J.: 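So that we are looking at the same thing, I have put the structure below in structure tokens.
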Amino acid sequence: MRSLRASWGRVQEQTWERIPSRLRPIVWFLIAFSVVFINRFDDTWMRMFFLVGLYATLGMGLNVVVGMAGLLDLGFVAFFATGAYTVAIFGSPVSPHDAHLNYWVLVPLAIGLGALIGVLLGLPVLPLRGDYLAIVTLGFGEIIRILALNMNDYTRGSSGLFEIRKPDLGFMVIEDVRAFYVMILVAALAVWFVTSRIRDSRVGRAWEAIREDEDVAAAMGINTTRYKLMAFATGAAVGAIGGAIYAPFIDFVAPQSFSLQVSINVLAIVIIGGMGNTTGVIAGSLILIGVPELLQFQETADFLQKFAWLRDVLNPVIHGFNTVTFLNLPDLPQPEDWGKKLALYRFVVFGLLMVIVMVLRPMGIFPSKRRELEFENPPEAELAASQGVG
Amino acid sequence: MAGATLSVRGLGMRFEGLAALADVDIEVPGGQIRGVIGPNGAGKTTLFNCLTGFYHPTSGEILLDGARIDGLATHEVSALGVSRTFQNIRLFANMTAIENVLVGSHTHITVGSGERRAPRRPSGHRLLDAARKIPGAPRAAGSAINELAGAVARPPAVRRVESEATDRARRLLQSVGLQRRENMIARNLPYGDQRRLELARALATRPRLLLLDEPTAGMNPQESASMVGLIRRIRDEFETTVVLIEHQMRVVMGVCEQITVLDYGRRIAEGSPAEVQQDARVVEAYLGTRAGTGGGHAAP
Amino acid sequence: MSILFLTTPEFWFDQIVNGLTTGSIYALVALGYTMVYGVLQLINFAHGEVFMIGAFAGYGVLLALGGQDISGVMIVVALVLALIAAGLASGATAIAIERLAYRPLRNAPRLAPLISAIGVSVFLSHLVDDGFLNGETKHYDQIFPAGKLSLGALNVSYLQLFLMGASLAMMAVLYWIIQRTKLGRSIRAVAESRDNAALMGVDVNRAIVATFALGAIMAGFAGVLYGLFFSSIRGSMGFIPGIKAFTAAVLGGIGSIPGAVVGGYFLGLAETVGRELLNEIPGVNLPNEWKDVVAFALLVLVLIFRPTGIFTQQEGKRA
């Protein structure tokens with residue numbers, strides 16, 4: 001087992017060594033670009049950027065759980081929902097339990113509740129084997145949705161909560177999609193800072209050790225249950241932050257927004273982007289969230305219109321194929337619909353990619369946490385040296 | 001002080017009716033280097049797993065400096081000063097050498113009081129044990145939040161313990177001869193270095209009892225000889241009791257002051273290397289009816 | 001207290017029969033989870049989708065044979081053909097999944113096959129829903145003769161009778177295969193210890209493939225029975241029954257074949273009878289969705305207090 005893993009490691013290092021460090025400028029350039037030219041993009045584009053930022057944030061949260069601590073959480077949506085519902089239940093005039101609280105008071109409450117639910121959920125399961133956690137979280141994600149649907153006195157069921165109070169900065173109220181984009185960007189940077197600081201600490205090392213070999217980690221004095229709970233709670237808190245920002249942005253909090261698909265989205269971003277790797281998570285979010293959104297744009301449809309001739313070429317081929325094989329394949333759809341059709345198949349692609357990535361490249365498409373070390377995580381030698389001076 | 005005394009009394013470990021250990025008594029005075037030998041399947045590694053809390057023995061007791069440690073969780077046993085290496089090297093394969101050692105220092109990279117209550121032995125009732133933890137929950141949550149906050153904010157105190165730990169880790173790597181390897185990924189290290197790194201990691205926990213499971217397995221005679229020297233030096237420098245499982249007789253006879261012989265989960269002999277070598281039961285266990293199984297001389 | 005007697009005996013018998021009906025579907029699906037877990041210690045997350053494929057294969061056969069118009073002896077023929085098609089389709093799917101998504105990862109870190117399994121699950125359910133059906137729900141034709149068997153207060157529809165009987169028969173055949181055939185012995189040997197089985201000359205890969213196939217065939221049958229009973233089927237239909245069947249397998253002690261069957265029936269009864277019993281408490285009115293919550297709560301409780309299952313001795317007996 002070890003030799004197989006080691007040989008995989010070697011293949012990865014030889015082939016992919018430099019990818020993330022090359023990727024990094026591209027990712028940061030895109031982010032900077034979207035800020036500098038923030039007024040050039042219309043709302044559809046800004047919405048896409050917001051969603052990419054949101055999912056990158058959620059991805060960084062789940063990355064703590066899955067990538068760093070090696071705990072498979074399939075119900076991340078539960079914490080996202082906790083954050084969104086906290087802000088909505090206590091901060092919306094339509095809610096039966098409106099507490100008339102300022103948004104900024106509700107955010108820490110959401111974070112705290114998210115972490116608490118994470119701990120309560122993890123407590124019974126985390127001491128057990130890892131795969132039980134996967135199934136319990138999977139079920140729990142679904143339970144949260146059912147609870148939200150049925151607890152009408154709090155959530156108004158499927159009618160949902162809206163008119164959620166917007167974040168008020170004193171000098172301006174965050175209402176515009178651009179403002180929300182900047183807000184999620186700030187949140188993402190904060191989460192990135194916090195999670196990478198933790199990763200480079202004793203806690204992060206304990207998580208990694210647990211991921212590598214839980215028994216040995218315990219033999220080194222690490223209270224594995226405690227650290228697993230910490231990872232779970234940290235991830236949950238980040239999920240809740242995402243929810244707390246999403247709620248006023250979308251201004252409609254209802255159970256249908258919190259399906260299993262959200263969990264799968266976030267998990268796919270973490271897995272495909274590269275476990276344990278922040279740039280990979282952002283890149284993953286750009287590809288897995290940004291591209292499907294992009295495909296649904298009017299611009300894309302207009303652009304695809306140019307390929308109408310492809311339809312005239314391929315349809316006769318399909319007809320011919322149908323006559324030979326007695327199949328009944330449909331004609332190609334109108335070119336302007338191609339993007340939307342493709343976007344529809346995103347989960348088919350996600351699923352396939354998850355399998356391919358696991359089979360061919362178990363550390364993600366943009367792996368090499370080790371190469372990242374050169375950037376984010378200076379070798380302990382330099383770390384100590386710089387700290388010794390400071 | 002010179003390492004902890006280890007007392008094993010009437011230790012038994014059964015797996016689904018099969019006795020892996022039965023009524024084993026071992027007394028190791030502080031600072032001794034004790035060898036545990038025996039044919040394959042004699043229960044040596046099972047003994048180590050009991051000593052480190054991987055297994056909870058089905059009968060008997062284990063005392064470290066007179067205090068019971070059997071039944072405690074692995075990390076609690078470790079915190080009391082029991083550390084080990086593994087027969088089939090188990091490093092954190094994707095972490096660097098120095099990170100491996102730093103994980104070993106885990107319990108010593110703490111800020112503040114570092115107060116530590118003696119762990120409580122479990123009652124054997126799951127519910128009761130769970131209930132006992134409830135009063136401590138708020139404090140546990142508080143200390144977890146504190147630790148996370150410290151990791152994020154990195155106040156000077158945190159930085160200081162972290163850099164002290166790093167210095168210490170570097171010295172440990174040096175003392176096992178890995179000073180030039182500290183930033184290499186563990187799985188990329190040569191075999192002999194992996195064994196040394198495992199030893200450094202075990203030492204980082206500041207053990208009072210160090211358990212070495214076949215420290216020279218797979219090594220050539222030269223490497224073995226240097227490992228023997230290293231083990232002696234470690235005992236003296238780090239003031240720890242050492243118990244080691246070993247198959248290479250040259251190593252056992254060279255380094256161990258006393259030897260315990262296990263066969264079929266029972267202690268069949270104990271004494272100085274010379275005494276054990278002459279013991280009829282030992283000779284029989286090794287050369288007797290099961291000579292063909294290659295038990296005693298497995299190391300390549 | 002006396003409220004219990006306001007509801008008629010008929011009502012409670014109905015609940016029990018309903019519980020046993022859904023329970024037999026859970027039991028059939030749970031067998032696949034428990035067998036695969038027994039040999040590979042892997043939760044086959046894609047098993048719910050294998051069940052879904054079976055449901056669609058059966059649906060296709062019934063449609064091709066005339067759908068609503070099937071009558072008389074043809075009903076029997078159609079059902080048999082639908083079950084065979086479902087078994088074949090599910091079995092083939094599972095063999096393909098094992099070969100492509102699990103086998104390459106057999107020696108990989110623990111997380112890898114789990115993630116791969118989830119990928120397969122997402123892929124299959126969305127391929128059917130988004131790729132073929134555009135989110136539509138399909139409906140099984142109600143070809144089974146209506147009517148019921150009445151014994152006093154006990155009423156069982158013919159369909160439910162068929163469901164329970166057929167699933168019992170299938171499980172009996174499976175049990176016979178596992179206990180009495182050479183293939184079954186090899187599966188049991190691999191479940192006991194893969195290394196030892198290999199040393200004894202057992203073709204481990206063949207045994208693992210057989211485990212997947214047998215479990216999948218049971219799931220495929222269950223898919224058809226599900227379609228006949230609940231009618232509506234779609235790509236994501238495997239998710240909830242999948243979690244429930246896994247719960248059933250854990251309840252019975254994962255790895256144990258009889259345990260999965262008992263766990264399946266127990267969960268079926270707990271959901272229906274259990275919910276109604278709770279509803280008897282004044283002030284409690286649990287909507288239908290809560291049966292999912294009941295199942296899940298049971299799963300967590302069992303994992304905490306009896307991780308080896310509630311019906312097993314402390315030493316969990318393997319398949």
Side-chain angles (χ1 to χ4, degrees), chain A residues 1-5 8 66-67 70-72 74 121 123-125 127-136 138-140 142-143 145-147 149-150 211-212 214 259-261 263-264 267-268 270-272 275 341 344-360 362-363, chain C residues 33 37 41-43 45-46 49 97 100-131 134-135 235-236 239-240 242-244 246-247 250 254 286-287 289-290 292-293 295-297 299-301 303-305 307:
Chain A
M1 169 173 171
R2 254 152 225 284
S3 69
L4 192 110
R5 248 183 106 165
W8 262 121
V66 180
L71 304 166
L72 190 52
L74 301 179
L121 176 66
L123 210 50
V125 199
L128 301 171
R129 284 186 39 169
D131 31 13
Y132 284 131
L133 179 74
I135 202 103
V136 168
L138 183 69
F140 186 69
E142 198 61 11
I143 296 300
R145 199 179 56 79
I146 295 171
L147 285 178
L149 200 58
N150 288 292
R211 185 193 67 197
E212 294 286 312
E214 194 177 330
S259 65
L260 176 69
Q261 318 251 324
S263 299
I264 299 291
L267 184 69
V270 172
I271 304 287
I272 295 166
M275 281 188 274
K341 289 268 180 211
L344 193 67
Y345 297 148
R346 67 168 96 176
F347 285 105
V348 182
V349 178
F350 287 9
L352 206 56
L353 275 177
M354 280 163 85
V355 178
I356 293 172
V357 164
M358 276 303 112
V359 171
L360 298 181
M363 295 299 273
Chain C
Y33 280 110
Y37 198 92
Q41 283 76 53
L42 165 76
I43 299 179
F45 274 100
E49 279 58 48
I97 296 172
L100 298 173
Y102 299 158
R103 195 181 297 181
L105 295 170
R106 211 175 283 161
N107 295 312
R110 276 196 73 82
L111 215 54
L114 275 181
I115 291 170
S116 181
I118 290 151
V120 172
S121 163
V122 171
F123 170 73
L124 284 177
S125 62
H126 284 277
L127 186 69
V128 171
D129 263 345
D130 307 337
N134 279 320
S236 56
F239 175 60
I240 291 284
I243 290 198
K244 300 249 185 92
F246 178 79
T247 305
V250 173
I254 193 139
L286 300 175
E289 291 98 340
W290 283 82
D292 300 345
V293 182
F296 179 69
L299 173 64
V300 173
L301 289 176
L303 284 179
I304 301 170
F305 296 111

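Heavy-atom basis, side chains included; hydrogens, waters and symmetry copies ignored. Every value quoted in this text rests on a predicted model; they were computed, and no experiment measured them.
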J.: Quick one: what part of Leu352(A) sits under 4.5 Å from any heavy atom of chain C, side chain, backbone, both or neither?
T.: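 Both parts, backbone and side chain.
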
J.: So, do Glu142(A) and Ile243(C) sit near enough that their side-chain heavy atoms are less than 4.5 Å apart?
T.: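 No; the side chains remain at least 4.5 Å from each other.
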
J.: Give, as side chain, backbone, both or neither, the part of Ile264(A) having an atom under 4.5 angstrom from any heavy atom of chain C.
T.: side chain

J.: Let's go through Phe350(A) and His126(C) carefully: what are the C-alpha distance in whole Å and the side-chain angles of both, what is the deciding distance for side chain to side chain contact (heavy atoms under 4.5 Å, CB included) to 0.1 Å, and is it a yes or a no?
T.: CA-CA 10 Å; Phe350(A) 287 9; His126(C) 284 277; over 6 Å; no

J.: Consider side-chain contact (heavy atoms from CB on, under 4.5 Å). Of Leu124(C), Asp129(C), Val128(C), Leu127(C), which one does Val348(A) pass it with?
T.: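 The option that passes is Leu127(C).
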
J.: Pick one of side chain, backbone, both or neither for Leu74(A), based on which atoms fall under 4.5 Å of a heavy atom in chain C.
T.: side chain

J.: Considering only heavy atoms and a distance below 4.5 Å, find which of Leu267(A), Leu71(A), Leu72(A) pairs most often with chain C.
T.: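 Between Leu267(A), Leu71(A), Leu72(A), the count favours Leu72(A).
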
J.: Using heavy-atom distances under 4.5 Å, tell me whether Val349(A) contacts chain C through its side chain, its backbone, both, or neither.
T.: neither

J.: With a 4.5 Å heavy-atom cut-off, do Leu100(C) and Val359(A) have their side chains touching?
T.: no

J.: Could you look at Tyr102(C) and say if it's the side chain, the backbone, both or neither that has a heavy atom under 4.5 Å from chain A?
T.: neither

J.: Which pair of non-hydrogen atoms, one from Gly131(C) and one from Tyr345(A), has the smallest distance, and what is that distance?
T.: CA-CE2, 3.7 Å

J.: Rounded to the nearest 0.5 Å, what separation is found between the CG atom of Leu299(C) and the CG atom of Leu138(A)?
T.: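 Interatomic distance, Leu299(C) CG to Leu138(A) CG, rounded to 0.5 Å: 10.5 Å.
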
J.: Parallel under 30°, tilted from 30 to 60°, perpendicular over 60°: which one fits the rings of Tyr37(C) and Tyr132(A)?
T.: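 Parallel, since the angle between the ring planes stays under 30°.
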
J.: Of the listed residues (Asn150(A), Leu344(A), Leu149(A)), which shares the most heavy-atom pairs with chain C below a 4.5 Å separation?
T.: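 Winner by heavy-atom pair count: Asn150(A).
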
J.: At a 4.5 Å cut-off on heavy atoms, which part of Asn134(C) comes close to chain A: side chain, backbone, both, or neither?
T.: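 Contact with chain A: side chain only.
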
J.: Please classify the contact of Ile143(A) with chain C as side chain, backbone, both or neither, using a heavy-atom distance under 4.5 Å.
T.: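 It is the side chain, since no backbone atom gets that close.
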
J.: If you measure from CG on Leu260(A) to CD1 on Ile118(C), what distance do you get to the nearest 0.5 Å?
T.: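 That separation rounds to 9.5 Å.
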
J.: Provide the closest heavy-atom pair for Ile135(A) versus Phe246(C) in the form atom of the first, atom of the second, distance.
T.: CG2-CE2, 3.3 Å

J.: Nearest 0.5 Å, please: how far is CE in Met358(A) from CG in Leu111(C)?
T.: 7.0 Å

